[in-house]
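One structure is given here, and the rest of the page talks about it.
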Protein chains: 2
Amino acid sequence: MSPRTKSSTPGAPTIVDVARAAGVSKGLVSLAVNDRPGVSDATRARVREAAEQLGWRPNLQARTLSTQTTYALGLVLRRDARIVAADPFYPAFMAGIESVLSTQGRVLVLSVVGDAEAEERAYRSLAADRRVDGVFLNDLRHGDDRVALLAELGMPGVLIGRLDHPGGLPAVVLDDRPGVVAAVHHLADLGHRELAYVAGDPALQHARTRRRAFEEAVAARGLTPTAVVDTDFTMAGGATATAALLEGRLRPTAVLYANDPMAVAGLGALQRAGVRVPDEVSVVGFDGTELAHHTWPALTTVRSDPEQWGAAAARTLLALTSTGSAPDVELAPAELVTARSTGPAPALRQAQGT
Amino acid sequence: MSPRTKSSTPGAPTIVDVARAAGVSKGLVSLAVNDRPGVSDATRARVREAAEQLGWRPNLQARTLSTQTTYALGLVLRRDARIVAADPFYPAFMAGIESVLSTQGRVLVLSVVGDAEAEERAYRSLAADRRVDGVFLNDLRHGDDRVALLAELGMPGVLIGRLDHPGGLPAVVLDDRPGVVAAVHHLADLGHRELAYVAGDPALQHARTRRRAFEEAVAARGLTPTAVVDTDFTMAGGATATAALLEGRLRPTAVLYANDPMAVAGLGALQRAGVRVPDEVSVVGFDGTELAHHTWPALTTVRSDPEQWGAAAARTLLALTSTGSAPDVELAPAELVTARSTGPAPALRQAQGT
DNA sequence: CTGAAAGCGCTTACAG
DNA sequence: CTGAAAGCGCTTACAG
């Protein structure tokens with residue numbers, strides 16, 4: 001390497017190049033471009049122009065070292081590769097996050113981990129290496145210990161969904177319940193009396209919320225659930241649960257699933273068993289994914305908006321990291337979208353009753 | 001803030017704390033922990049022990065500032081949110097990348113962008129801000145200008161797939177063709193003579209490769225494709241293309257799709273039109289996603305391994321960034337997995353011939 | 001309103 | 001084999 005005279009290198013210009021060009025000290029350049037007080041308008045303009053001319057961008061690493069902020073946000077996904085692949089929620093959610101980060105010069109750091117220990121390690125090393133200024137707390141679990149973990153690490157975080165012990169963290173919430181309730185009423189109005197629910201992983205807060213909404217809505221119609229089956233949110237789980245429902249003492253005339261992938265798998269399982277949908281059994285999904293439009297019959301489903309959710313979460317986390325606090329955000333609730341997979345309860349079943 | 005005496009703060013320990021504890025200079029600590037020559041074994045051990053005792057981890061930002069490496073890799077996804085959500089390839093691919101990065105203290109920086117300009121901006125700012133040490137070049141396009149862009153930016157990159165003008169970049173390749181060829185033979189062996197292909201976005205290299213493999217395999221069996229339709233790889237595109245095939249002069253007895261989401265949508269479109277699968281029309285997907293197992297009938301598909309692909313790509317990019325070069329990698333080729341969506345050609349059609 | 005200096009926490013020639 | 005110093009490129013009190 002040749003001896004490099006400071007700032008005369010062919011590489012990217014630095015703050016001292018700008019200072020020299022503007023005829024000021026580099027400290028002043030920093031104040032000027034960061035809109036801090038203590039710089040005359042004339043000087044500020046001169047500095048700005050010099051920076052522009054030289055095409056200078058402040059070096060992010062250097063800035064990070066002195067300000068202790070990284071201009072990056074973190075998302076940790078805990079689930080095995082196959083499940084990640086099948087669930088359309090996260091890609092859309094991440095696209096929503098990106099839609100706001102990209103306009104702010106911020107960046108998303110992603111970790112995909114397989115189990116609980118790896119998840120904790122991931123949060124710890126994001127913190128230890130100061131990789132990110134804050135994290136999204138997604139897939140909230142009942143009694144989630146990540147709230148305490150973040151507190152220990154001194155890391156800002158935003159809750160994606162509602163938590164029973166929020167621990168002072170702001171939450172960005174999309175209420176699932178109205179959609180579930182609407183689905184139950186839709187089916188009850190169609191004459192169904194035997195409704196079954198294929199729930200998600202009971203460790204997950206939103207799985208419990210949806211399940212409870214189902215149970216309460218059914219009760220509100222004076223009915224009792226024919227069956228409720230917990231699963232792991234996977235297609236395989238949805239198929240297995242559906243098979244179990246078909247073997248049950250009382251066969252449901254309608255099945256609601258806690259997400260679209262399970263509903264699709266359930267639809268397949270019903271058809272495989274020779275059950276006609278919706279003639280014999282109606283099917284309802286959850287998430288309103290593109291997939292739901294393209295099955296046959298198309299799925300009645302409950303539409304949330306993962307992209308909006310991601311965008312709102314990113315805005316909230318950004319506010320939190322810069323001001324130290326942020327208000328909760330309540331998004332438009334999930335709503336029912338009806339399609340061909342639901343229809344009148346079969347007359348036969350209606351006649352035979354319970 | 002209280003006046004902070006250097007390194008006596010309650011915060012994380014720094015290299016000078018370790019140096020003091022070990023009774024050496026901080027430069028020596030650096031040499032010792034980074035396994036550089038010029039440190040006696042005894043001293044190295046002493047330094048190591050001190051570091052361990054204090055629980056010291058070198059500050060990543062500081063290290064980045066002096067070494068000019070960020071220990072992060074970048075992936076830019078260009079596609080709108082809905083398509084990202086429906087395509088199971090990327091989540092699995094990213095999980096594969098993570099499986100190697102997480103063991104190396106590396107991290108994945110993700111950008112999701114909507115169009116070509118945003119994509120270029122994304123690569124440029126990853127480079128300008130030195131966010132990453134290298135990037136994955138995915139969704140390779142015919143005459144892809146990102147190869148030139150990376151050269152301009154001086155940014156290492158790895159090709160995900162084969163490119164006609166690799167530009168000196170290492171490639172990690174999974175050959176799609178054997179799977180497509182096997183699918184064609186499978187159908188031809190079942191007596192099909194009227195094969196149609198629903199291709200992906202013709203701007204994408206792998207869409208072209210798969211399409212060509214189909215055409216060549218059909219020709220090899222002495223047949224002519226009944227139809228070949230280009231799409232955009234979306235479910236909507238698959239449904240539309242399928243509807244068009246049904247209205248064509250000659251109806252195919254088998255349709256191959258360039259990915260599973262399109263095949264699922266195609267299956268739905270066929271069933272919606274009252275066409276029985278596989279009795280009247282056989283259907284073949286591509287990707288071997290979980291989705292394919294759960295439709296009814298389950299899809300015959302061509303299985304690739306996105307997770308392996310991601311892991312191999314990460315290893316290659318890591319090698320490239322650290323040594324300056326890396327060999328191409330050829331993964332196990334895609335292979336056919338048969339299921340219920342393919343069956344013998346309908347006798348009726350066989351009789352009436354072309 | 002402005003300059004000169006110290007500091008963020010590392011790495012890396014350069015002397016001994 | 002080891003120490004003292006300069007440097008990475010910023011930001012931020014502290015004096016004037």
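A, B, ... follow the sequence lines: proteins, then strands. Residue 1 opens every chain. Note that the structure is predicted; figures quoted are calculated from it, not measured.
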Under 4.0 Å between any heavy atoms, over every strand shown, what does B/Thr43 touch: base, sugar-phosphate, or nothing? Just pick one. sugar-phosphate

Please check the phosphate of D/dC8 (OP1 and OP2 only) for any side-chain N or O of A/Thr14 closer than 4.0 Å. no

Please round to the nearest 0.5 Å and tell me the distance separating atom CG of A/Asn59 and atom OG1 of A/Thr14. 9.0 Å

In this structure, how many angstroms lie between the P atom of D/dG9 and the CG atom of A/Asp17, rounded? 9 Å

Within the structure shown, what part of the strands sits under 4.0 Å from A/Arg57 by heavy-atom distance: base, sugar-phosphate, or nothing? sugar-phosphate

Treating primed atoms plus P, OP1 and OP2 as sugar-phosphate and everything else as base, which nucleotides of nucleotides 11-16 of chain C get B, S or - for protein heavy atoms under 4.0 Å? BB----

Is it true that B/Arg106 and B/Asp133 make a salt bridge, defined as a side-chain N closer than 4.0 Å to a carboxylate O? no

By nearest atom, which of the nucleotides D/dT2, C/dC1, C/dC10 is closest to the B/Asn59 side chain? C/dC10

In whole angstrom, what separates A/Leu65's CG from C/dG9's C1'? 6 Å

Whole angstrom is fine here: how far is it from CZ in A/Arg20 over to P in C/dA4? 13 Å

Kindly give the heavy-atom pair with the smallest separation between B/Met94 and A/Met94, and that separation in Å. CE-CE, 4.2 Å

I'd like to know whether B/Leu320 forms a side chain to side chain contact (heavy atoms under 4.5 Å, CB included) with B/Val158, so could you lay out the CA-CA distance, the side-chain angles of the two residues, the decisive distance to 0.1 Å, and finally the verdict. CA-CA 8 Å; B/Leu320 179 66; B/Val158 160; 4.3 Å; yes

Separation of C/dG7 P from A/Gln68 CD (nearest whole Å): 15 Å

A/Ser66 side chain vs A/Ala62 backbone, donor-acceptor pair below 3.5 Å: yes

May I ask you to say whether A/Glu120 pairs ionically with A/Arg146, meaning some side-chain N is under 4.0 Å from a carboxylate O? no

Kindly indicate whether the side chain of A/Asn34, heavy atoms from C-beta on, has any atom under 4.5 Å from the side chain of A/Arg63. yes

Whether the side chain of B/Asp129 engages the backbone of B/Arg131 through a donor-acceptor N/O pair (distance < 3.5 Å, no angle test) should be reported. no

Name all stems that contain residues of DNA chain D, defined as runs of 3 or more consecutive Watson-Crick or G-U wobble pairs, both distances under 3.5 Å. C:1-3 with D:14-16, C:5-12 with D:5-12, C:14-16 with D:1-3

Rounded off to whole Å, could you give me the OH-to-P distance for the B/Tyr71 and C/dC10 pair? 12 Å

Is a side-chain N or O of B/Arg44 found less than 3.5 angstrom from the main chain of B/Ala32, in a donor-acceptor match? yes

